[in-house]
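Computation of the quantities below employed the complete heavy-atom set of this structure, encompassing side-chain atoms and omitting hydrogens, waters and symmetry-equivalent molecules. This one's a predicted model, so the numbers in the text were calculated from it and none came from an experiment. Note that ligands are numbered from 1 as they come in the structure, with each ligand's atoms numbered from 1 the same way.
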Amino acid sequence: MLILGLESSCDETAAALVDGDRVILSHRLAGQEAAHRPYGGVVPEIAARAHVEALGPLIAGALADAGKTLADIDAVAATAGPGLIGGVMVGLLMAKGLALSANKPLVAVNHLEGHALSPRLADPTLAFPYLLLLVSGGHCQLLLVEGVGRYRRLATTIDDAAGEAFDKTAKLLGLGFPGGPAVERTALLGDATAVPLPRPLLGSTEPHFSFAGLKSAVLRARDSGRYRAEDIAAAFQQAVVDCLIDRTRRALASAQGATALVVAGGVAANGAVRTALEALAHDHGLRFSAPPLWLCTDNAAMIAWAGVERFQAGLTDPLDTPARPRWPLDPSAEAVRGAGVKA
Ligand code: KG4
Ligand code: ZN
């Protein structure tokens, strides 16, 4: 089985071919950092236009790299949400056009499902159910992954996502864009104990995450003029790690049957986060699984792989499937206080 996957929900445009044996035949990706850098964040209109320009050549390149044509694929998978709606529409409409012209089924993939299943692309022995910490620029959730299309949300953020906190901290400290890798690099040069920062909701009986107060504390630390940027970055990263570990430890108690602790999403590329989660899994006698760094941040291989898993389960979608700016993985999960558009 061979699936073409497309990703365009934020600021990466990507196309990949993945088969049923987990072989990534090809992957082409175009980032947009340079276009957004002057604004210090992703500008939706600029992103959508960049996807329009990049997507066609990336698909042609991915097919050529794999030595395949559209006739060789079994289905076209594309991110159908959640994300910046202009970009999602570009990728989904392209997928519909290809599916229609080549007479292949469409698989509409939830971007979060792409992240949630990505560890299984890298790790063939990772079986359901597993506890997933999904930490990206738009999301911070703990999910019990019970099977393809079966996700139970145990916790989410009540304000900012973890990646968003990294990006805002980078902006406050003048470290540039994108923020996560810049904070991680700078933190290596700092002393995490030099700056006292809060750990929102640490030890709380409610299951959720919160990062807005931490961001405000970073702002106050910077404005005090008493600390080096390197020390603030290190203290911030340690505070995020402490919060992620505390909340994940709490969720493990209610994640019955989970055989592994898994991390996915862009923040999973952070070395300190990975190391701390690995130790937590070890303490609980659980396997730890994390995709390779390039599969943690947005890419099309994870969308193609989610396409493989859904197609194998008999799940395809009609050509009038809408693009969705919001699309919770667990529709039964209650909205949480203050969570806004990101939950
Ligand atoms: O999954 P992703 O590529 O896009 C979304 O779906 O949001 O995640 C992007 C987020 C950004 O907030 C970025 O700053 C963060 O992941 N990120 C990192 C690192 N690499 C990317 N955060 C901390 N440390 C990193 N090394
Ligand atoms: Zn993502």
**Q.** Where ligand 1 meets His115 - atom numbers and elements under 4.0 angstrom, heavy-atom basis
**A.** 1 (O), 6 (O)
Q) Ignoring hydrogens and geometry, is there a side-chain-to-backbone donor-acceptor pair from Thr275 to Ala272 under 3.5 Å? A) no
Q. Out of Asp298, Val273, Leu293, Thr79, whose heavy atom is nearest to atom 4 (O) of ligand 1?
A. Asp298
Q) If you count the atoms of ligand 1 from 1 in the order shown, which ones are under 4.0 Å from a heavy atom of Gly163? A) 12 (O)
Q.
With salt bridge (Lys or Arg N to Asp or Glu O under 4.0 Å) as the criterion, how do Glu278 and Arg274 come out once you've worked through the C-alpha distance, each side chain's angles and the decisive distance to 0.1 Å?
A. CA-CA 6 Å; Glu278 185 160 17; Arg274 290 166 88 98; over 6 Å; no
Q.
Would the distance check show the side chain of Arg152 and the main-chain N or O of Ser332 forming a donor-acceptor pair, the cut-off being under 3.5 Å?
A. no
Q: Could you tell me whether the side chain of Leu197 reaches within less than 4.5 Å of the side chain of Val218, counting heavy atoms only?
A: yes
Q | Polar side-chain atom of Arg247 near backbone of Ala155 as donor-acceptor pair, under 3.5 Å | A | no
Q | Distance-only donor-acceptor check, side chains Asp123 and Thr125, under 3.5 Å | A | yes
Q. Which ligand 1 atoms, with their elements, are less than 4.0 angstrom from a heavy-atom of Asp167?
A. 11 (C), 12 (O), 13 (C), 14 (O)
Q: Pick one of side chain, backbone, both or neither for how Pro181 approaches ligand 1, counting any non-hydrogen atom pair under 4.0 Å.
A: both
(Q) Would Gly180 count as a polar contact of ligand 1, with the cut-off being nitrogen or oxygen pairs under 3.5 Å? (A) yes
Q.
If we set the cut-off at 4.0 Å for heavy atoms, which region of Glu12 has an atom near ligand 1: side chain, backbone, both, or neither?
A. neither
Q | For atom 7 (O) of ligand 1, the protein heavy atom that lies nearest, with its residue and separation | A | Gly137 N, 2.8 Å
Q) At what distance, to the nearest 0.5 angstrom, does CG of Leu29 lie from CD of Glu12? A) 5.0 Å
Q) Is a side-chain N or O of Ser8 found less than 3.5 angstrom from the main chain of Gly87, in a donor-acceptor match? A) yes
Q.
For atom 19 (C) of ligand 1, tell me which residue out of Gly179, Gly266, Gly114 has the closest non-hydrogen atom.
A. Gly266
Q: State whether Asp160 and Lys168 are salt-bridged, where the test is any N-O pair (Lys NZ or Arg NE/NH1/NH2 against Asp/Glu carboxylate O) under 4.0 Å.
A: yes
Q. Is the shortest heavy-atom distance from the side chain of Leu244 to the side chain of Phe209 under 4.5 Å?
A. yes
Q) Of the choices Asn270, Val267, Val135, which has the non-hydrogen atom that lies closest to atom 24 (N) of ligand 1? A) Asn270
Q: Considering heavy atoms of the protein only, find what lies nearest to atom 26 (N) of ligand 1 and give residue, atom and distance to 0.1 Å.
A: Glu184 OE1, 2.8 Å
Q) Where does the angle between the aromatic ring planes of His115 and His111 fall among parallel (under 30°), tilted (30 to 60°) and perpendicular (over 60°)? A) perpendicular
Q) Is Arg287 close enough and on-axis enough to Tyr130, meaning under 6.0 Å and within 45°, for cation-pi? A) no
Q.
At less than 4.0 angstrom from any non-hydrogen atom of His111, what atoms of ligand 1 do you find?
A. 6 (O)
Q) Do any protein N, O or S atoms sit under 2.8 Å from the Zn ion (ligand 2), and which ones are they? A) His111 NE2, His115 NE2, Asp298 OD1
Q. Counting from 1, what ligand 1 atoms have a heavy atom of Gly138 closer than 4.0 Å?
A. 7 (O)
